[in-house]
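Below you'll find the structure, written out as structure tokens, and then a few comments.
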Amino acid sequence: MSDRSVLITGAGNGLGAEIARAAAAAGWIVGVLDRDLEAAARTAASIGAEAIALGADTTDEAQVGAAFDEFAARTGHPAPDGLVANAGIVRFGPLLDLDVDDWRRVVDVNLTGTFITARSFARRVVDAGRSGAIVTLTSMNGVAAGPNAGAYGATKAGVALLTTQLALEWGPLGIRANAVAPGLIDAGMSGPIYADAEIRRLRSERVPIGRLGTGADVASVVLFLLSDEAAYVSGTELLVDGGVTGSVISTLPRPRSVDSVGPGGRADDGADR
Ligand SMILES: NC(=O)c1ccc[n+]([C@@H]2O[C@H](COP(=O)([O-])OP(=O)(O)OC[C@H]3O[C@@H](n4cnc5c(N)ncnc54)[C@H](O)[C@@H]3O)[C@@H](O)[C@H]2O)c1
């Protein structure tokens, strides 16, 4: 059995499940935590003996603590080596009409739940005299505003800053913390968007590398940040978006003279494009 373990929240479905399967394939013992225990059990069963299903709501500190304790008892590790704080939700609606309860629940799960889980992890790592790595899941939506995204983008920007603060406060304790910000991903909560073939095509065309992302694209970056290969990486947010977040200027109307600047930086007046 592997001597490295990682607990992944929201791993009953979507990206968390994909990350759990990739982590197990890379040799990690995996704690598959979800508020939906049946979903967690399904993910764990798809992995096998290296996975342990855990039921907890990440907004409830007592439930999260009990899940960490159960994982410790079943792995024999007083603290896991890694945490992927992946559990997140979105509730859409225009801000003018958004129900405040929807706003609060998204803040609670995405921001407060990430804090609760990260602190439960860090306390155990410190008590065990070990080191550890945290990866949080943010979003391109925390970098660029999206219409009708409610509290989602604000919470993801908050998680990005929280992750930097974790790196700052806990780096001296031996804990690295980094965020992964997925872009247009054809999986999990975005899956229904891409059931529409025309939306798929149009969005794929907007990504500089020409395709939507997959759960595997996200999982491999999460695993890199958990690993010793990233031993000197902390406090950063890594966009996994094929370049789309940074491409906004290309969507703006431009005068032809800008498009006809030649390789030397001079306007190529003779060009007919
Ligand atoms: N899929 C995407 O396109 C995309 C893009 C950018 C960021 N993200 C982020 O990636 C993460 C995973 O998203 P996904 O697409 O896999 O979502 P998903 O809805 O497919 O899965 C989320 C899982 O988290 C669980 N969960 C939700 N709230 C929880 C809580 N309070 N406690 C425990 N478990 C809880 C759900 O039961 C579910 O199994 C989220 O943080 C999301 O914001 C996703």
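All figures in this text were calculated on a predicted structure; none of them were measured in a lab. Computed over heavy atoms, backbone and side chain alike; hydrogens, waters and symmetry mates excluded. Note that ligands are numbered from 1 as they come in the structure, with each ligand's atoms numbered from 1 the same way.
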Return yes when [X] approaches ligand 1 closer than 4.0 angstrom through a heavy atom, no otherwise.
X: A187; answer: yes
X: D186; answer: no
X: T9; answer: no
X: E18; answer: no

State plainly whether one hydrophobic cluster holds both [X] and [Y], where clusters connect Ile, Leu, Val, Met, Phe, Trp and Tyr through side-chain heavy atoms under 4.5 angstrom apart.
X: L238; Y: L15; value: yes
X: L212; Y: V180; value: no
X: V64; Y: V125; value: yes

Report the nearest protein non-hydrogen atom to [atom]: residue, atom name, distance rounded to 0.1 Å.
atom: atom 31 (N) of ligand 1; value: D57 OD1, 3.0 Å
atom: atom 30 (C) of ligand 1; value: T58 OG1, 3.4 Å
atom: atom 12 (C) of ligand 1; value: N86 OD1, 3.1 Å
atom: atom 44 (C) of ligand 1; value: L15 CD1, 3.6 Å
atom: atom 14 (P) of ligand 1; value: M189 N, 3.7 Å
atom: atom 9 (C) of ligand 1; value: Y152 OH, 3.8 Å
atom: atom 23 (C) of ligand 1; value: G10 O, 3.4 Å
atom: atom 39 (O) of ligand 1; value: D34 OD2, 2.6 Å

Quiz item: Does an N or O from T59, backbone or side chain, lie closer than 3.5 Å to an N or O of ligand 1?
Solution: no
Does D36, backbone or side chain, put an N or O under 3.5 Å from an N or O of ligand 1?
no
With no hydrogens and no angle check, just 3.5 Å: does a side-chain donor-acceptor pair link [X] and [Y]?
X: R21; Y: S46; value: yes
X: R203; Y: Y194; value: yes
X: T163; Y: E237; value: no

For ligand 1, which atoms, with element, lie under 4.0 Å from some heavy atom of [X]?
X: G14; value: 16 (O), 20 (O)
X: S139; value: 6 (C), 7 (C)
X: V109; value: 28 (N), 31 (N)

- prompt: Short question: side chain of N141, backbone of K156 - any donor-acceptor pair under 3.5 Å?
  reply: no
Legend entry - Main-chain N/O of A11 paired to T43 side chain as donor or acceptor, under 3.5 Å: yes
> Is D34 paired with R42 through a side-chain N to carboxylate O contact shorter than 4.0 Å?
Replying inline: no
**Asked** If you measure from the Lys or Arg side-chain nitrogens to the Asp or Glu carboxylate oxygens, is any gap between D57 and R35 under 4.0 Å?
**Response** no
Atom 22 (C) of ligand 1: of G188, A87, G88, G142, the nearest heavy atom sits on G88
Judged by heavy atoms only, the candidate from G213, A56, A85, P182 nearest atom 5 (C) of ligand 1 is P182
Specify side chain, backbone, both or neither for [X], according to which of its non-hydrogen atoms lie closer than 4.0 Å to ligand 1.
X: A17; result: neither
X: M140; result: neither
X: V218; result: neither

Separation between CG (L37) and CG (L54), nearest 0.5 Å, reads 8.5 Å
Item to complete: Kindly determine whether R211 and D217 satisfy salt bridge (Lys or Arg N to Asp or Glu O under 4.0 Å), including the steps that lead there.
Response: CA-CA 11 Å; R211 66 171 176 85; D217 289 323; 2.8 Å; yes
- Run the numbers on N110 and T114 for side chain to side chain contact (heavy atoms under 4.5 Å, CB included), then give the verdict. CA-CA 6 Å; N110 294 5; T114 298; 5.5 Å; no
